[in-house]
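Worksheet for the structure shown next.
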Amino acid sequence: HDLTKESPELQRCYYLLTKTSRSFAAVIEELHPELRDAIMIFYLVLRALDTIEDDMSIKSEIKVPLLRTFDEKLNTKDWTFDGNGPNEKDRLVLVEFDKILSIYHGLKPQYQDVVKDITYKMGNGMADYILDENFNLNGVETVKDYDLYCHYVAGLVGEGLTKLTVMAGFSDDSLAQDNFEKSNSMGLFLQKTNIIRDYHEDLLDGRSFWPKEIWSKYTKELPLFHKDASFEQAGLSCINELVLNALSHAKDCLSYLSMVKDPSTFSFCAIPQVMAIATLAEVYNNRKVLHGVVKIRKGTTCKLILESRTFPGVVAIFRRYIQVINHKSSVSDPNYLKIGIKCGEIEQFC
Ligand SMILES: COc1cccc([C@H]2O[C@H](CC(=O)N[C@@H](CC(=O)O)C(=O)O)C(=O)N(CC(C)(C)C)c3ccc(Cl)cc32)c1OC
């Protein structure tokens, strides 16, 4: 849409958006005017929160209270933060947070309330995890912990977006009546896909989000998958079980998408989901995941965006990649039968 007629602050916010996520910024800019600015601001506020959580140069005595009270910054007119982490690529959203605030205060009050409510819940969820020693030392312990962590950082985003789209009349009211189960799955499907894909990168940062309840079936130490060639097969079985776990959200995601009515909102919701199912098919049984970040090809991304403009198009994409996963699975894999059953279930649903 044409930004030149917008206020300087709004133009600056869209500039910040393109800086933080080039490809996804284009999708947000195509949104219906009723929700475009609200979702752009929601995205930037979440990015600011994520940048604080990720900034290892802020010590936890400062970081924890900052995360817990971040929603209160939304009541101010000009709060900014010059977090001293020069290497944080998203630092700009904190340094220029006053620009985000000026647009936030111009949003409809009911949209402001959704952004603030989710910011409050996410900030406190993040703070709880930073304080939870066992998370810090061993990473995420149980699959239950894994689902809770992903709820805080991603499931809540789905919940907020559902509230916004239902308020705008762009999605079925029923999406806001299932205790946000389907909204939560929309976030967990994306976040779990990223966590599987980012194994090596997170290891380099000295952390991991792979749940110990799963990886400890295949190794005593998580880095061995990368370091020791004799653990490569075990690493593949672990990836495959994590993909199986992520696929448990696929039906909810397809059901969610079937209830989004507005075309631009549908694309906004569908594009990340089709990227995720394609990524899951790429990482499944793929040893490259243990040594680097595996990305789907640019050409594939373009095809997926074009094909995901309608619900039947999205269903066809899911069906195709479920088949790819099924054909890649090997009889020697401990979860061979389960992945076959799961793929069958999702195909039935398609
Ligand atoms: C109903 O729920 C959704 C509907 C549409 C999109 C998203 C979801 O999609 C992007 C898509 C995105 O940001 N893609 C990036 C690639 C990447 O960062 O991995 C991109 O294309 O650059 C994404 O990844 N996250 C981040 C979380 C997953 C943590 C929520 C995200 C962050 C803020 C917002 Cl407002 C939205 C999203 C939804 O959230 C679940």
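All ligand and atom numbering here is 1-based and tracks the order in the structure. Nothing here was measured: the structure is a model prediction, and the numbers come from that model.
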Worksheet item: Does H226 reach the main-chain N or O of Y199 with its side chain, forming a donor-acceptor pair under 3.5 Å?
Response: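 Side chain of H226 to backbone of Y199: no pair is present.
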Could you tell me, for ligand 1, which of its N or O atoms are under 3.5 Å from any protein N or O, listing the pairs and their distances rounded to 0.1 Å?
unit_1, atom_1, unit_2, atom_2, d
ligand 1, 13 (O), Y43, OH, 3.1
ligand 1, 21 (O), S23, OG, 3.0
ligand 1, 22 (O), S21, OG, 2.7
ligand 1, 22 (O), S23, OG, 3.1

Discussion item. Using the rule given for ring pair (Phe, Tyr, Trp, His ring centres under 6.0 Å), can you reason through Y43 versus F24, listing the C-alpha separation, both sets of side-chain angles and the distance that settles it, and then say yes or no?
Written reply: CA-CA 10 Å; Y43 193 95; F24 197 53; 5.6 Å; yes
Worksheet item: Do other residues, nucleotides or ligands put more than 12 heavy atoms under 6.0 Å from the CG atom of D205?
Response: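 It does: D205 CG has more than 12 such atoms within range.
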Practice prompt. Could you grab the distance from atom CG of N326 to atom NZ of K342, nearest 0.5 Å is fine?
Written response: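 Going from CG on N326 over to NZ on K342, the span is 12.5 Å.
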Worksheet item: Salt bridge or not for K182 and D252, using N-O below 4.0 Å?
Response: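 Salt bridge flag = no for D252 with K182.
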Item to complete: Could you tell me which residues satisfy salt bridge (charged side-chain N to carboxylate O under 4.0 Å, His left out) with K328, sequence neighbours excluded, listed by chain and number?
Response: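 In terms of salt bridge (charged side-chain N to carboxylate O under 4.0 Å, His left out), with neighbours along the sequence ignored, K328 is linked to no residue.
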